[in-house]
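Working notes, structure below.
Throughout, residue positions are numbered sequentially from 1 according to the sequence presented.
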Amino acid sequence: MGKGEQVRAGLIEAAVRLLADEGPQSLQARRLAREIGTSTMAVYHYFGGVPQLLRGVADDGFRRLTRRLDAVASTEDPVADLLRQALAYRGFARENPHLHDLMFGLSAPAAHPEPAEGEAGWPAVAFGRLVAATERAIAAERLASAEAGDVAAQLWSALHGFVTLELAGRFAHADPLADVLVPLTANLLRGLGDEPDEIRTSIGSALS
């Protein structure tokens, strides 16, 4: 790794660390440069400015999320596997709330970085993991035949909405997992063609 790549990686790592410890208000060029012992100009030289650096941080967040999803093992129950991915996504967001908000532009205008020509950006790669899990559930005839990308988008929309509200503390009156996410998931799966008994089995397996 060349010096430029080292500085870029160091600034992103420092930003992720400060984001976790102190929140988005800590992401200032001078503070980030001081964290890795370089000059403020390094932020502008290697990224073009703080907004571009934040896009790099968001990209790194999706890379980390993808690794988390990849750690979910495949079993003979594709719906349980799909639910485990949902729980992995929720776990990542709960452990990295500020990073999650940055990734989705909820705390700063960190638009997703443009992928290199012919490559998928990390947000698309992360979503692709959910699409693949959805394809398995459709192939197993647990879900009605449909375009897997469309079904995955519905599932992620519901999950992302739940996680965003949970991080904002909007479920203080309830157990978010038992009272909101589990019944929400069961209702979605029934609407997508799965059978109630099989849904209960898969949910129990995913939560065990």
Side-chain angles (χ1 to χ4, degrees), residues 1-20 23-24 26-27 29 32 36 42-74 81-138 146-167:
M1 182 183 292
K3 179 181 178 181
E5 292 176 328
Q6 289 179 340
V7 173
R8 286 177 60 89
L11 286 168
I12 289 176
E13 187 63 34
V16 170
R17 184 173 64 252
L18 286 174
L19 192 60
S26 65
L27 302 183
L32 290 168
I36 67 167
V43 174
Y44 299 93
H45 177 72
Y46 291 108
F47 289 95
V50 173
Q52 292 87 345
L53 171 59
L54 295 183
R55 287 197 290 271
V57 174
D59 191 39
D60 187 67
F62 279 104
R63 187 180 298 111
R64 292 169 186 243
L65 173 59
T66 300
R67 288 200 298 265
R68 185 70 164 263
L69 297 176
D70 285 343
V72 177
S74 295
D81 296 345
L82 191 58
L83 300 178
R84 290 187 186 95
Q85 284 205 349
L87 293 173
Y89 174 86
R90 178 191 183 228
F92 174 86
R94 284 165 59 90
E95 293 166 18
N96 306 276
H98 294 303
L99 180 57
H100 170 271
D101 286 352
L102 179 69
M103 288 161 60
F104 290 97
L106 301 177
S107 61
H112 301 155
E114 291 295 326
E117 185 176 353
E119 296 181 359
W122 279 102
V125 173
F127 179 64
R129 300 303 193 262
L130 181 58
V131 174
T134 303
E135 286 176 340
R136 289 185 60 225
I138 292 173
E147 173 58 46
D150 293 340
V151 175
Q154 295 175 47
L155 294 170
W156 199 349
S157 295
L159 176 62
H160 177 70
F162 165 82
V163 167
T164 301
L165 290 170
E166 182 182 28
L167 293 181

Task: Exercise: identify the closest heavy-atom pair between Ala93 and Leu167 - done: O-CD2, 3.8 Å

Open item on the list: So which atom in Ala15 and which in Leu27 form the shortest heavy-atom distance, rounded to 0.1 Å?
Closed with: O-CD2, 3.5 Å

Open item on the list: Can you give me the closest heavy-atom contact between Ile138 and Ala148, atom names plus distance?
Closed with: CD1-CA, 3.9 Å

TODO: Kindly state each residue pair satisfying salt bridge (charged side-chain N to carboxylate O under 4.0 Å, His left out) with at least one member in residues 156-167, sequence neighbours excluded.
DONE: Arg90-Glu166, Arg94-Glu166

Open item on the list: Taking the side chain as everything from C-beta on, heavy atoms only, tell me whether Phe92 gets closer than 4.5 Å to Leu99.
Closed with: yes

Task: side chain to side chain contact (heavy atoms under 4.5 Å, CB included) partners for Leu165, two or more places apart - done: Arg170, Phe171

Task: Under the side chain to side chain contact (heavy atoms under 4.5 Å, CB included) test, residues paired with Glu147 that sit two or more places apart - done: Asp150

Task: Trp156 versus Pro123, closest heavy-atom pair with distance - done: CH2-O, 4.4 Å

Open item on the list: Going by the rule side chain to side chain contact (heavy atoms under 4.5 Å, CB included), which residues pair with Ser74 if we only count those two or more places apart in sequence or in a different chain?
Closed with: Asp81, Arg136

TODO: Please list, chain by chain and in numerical order, all residues satisfying salt bridge (charged side-chain N to carboxylate O under 4.0 Å, His left out) with Arg63, sequence neighbours excluded.
DONE: Asp59, Asp60

- [ ] Go through the steps for Asn96 and Arg64 under the test side-chain contact (heavy atoms from CB on, under 4.5 Å), then give the verdict.
- [x] CA-CA 10 Å; Asn96 306 276; Arg64 292 169 186 243; 5.8 Å; no

TODO: Could you tell me how the ring of His100 sits relative to the ring of His160: parallel (under 30°), tilted (30 to 60°) or perpendicular (over 60°)?
DONE: tilted

- [ ] Tell me, please, which residues at least two apart from Glu95 pass side chain to side chain donor-acceptor pair (under 3.5 Å).
- [x] Arg68

- [ ] Sequence neighbours left out, what passes side chain to side chain contact (heavy atoms under 4.5 Å, CB included) with His45? Give chain and number order.
- [x] none

Task: Spacing of Leu159 atom CG and Gln154 atom CD [to the nearest 0.5 Å] - done: 13.5 Å

For residues 125-135, dump all side-chain donor-acceptor pairs below 3.5 Å to protein atoms at least two apart in sequence or in another chain.
residue : atom : partner : partner atom : Å
Arg129  : NE   : Asp70   : OD1          : 2.5
Arg129  : NH2  : Asp70   : OD2          : 3.2
Thr134  : OG1  : Leu130  : O            : 2.8

Open item on the list: Contact between Leu65 and Met103 at the side-chain level, heavy atoms closer than 4.5 Å - yes or no?
Closed with: yes

Open item on the list: Please check: side-chain N/O of Ser26 versus main-chain N/O of Gly23, any donor-acceptor pairing under 3.5 Å?
Closed with: yes

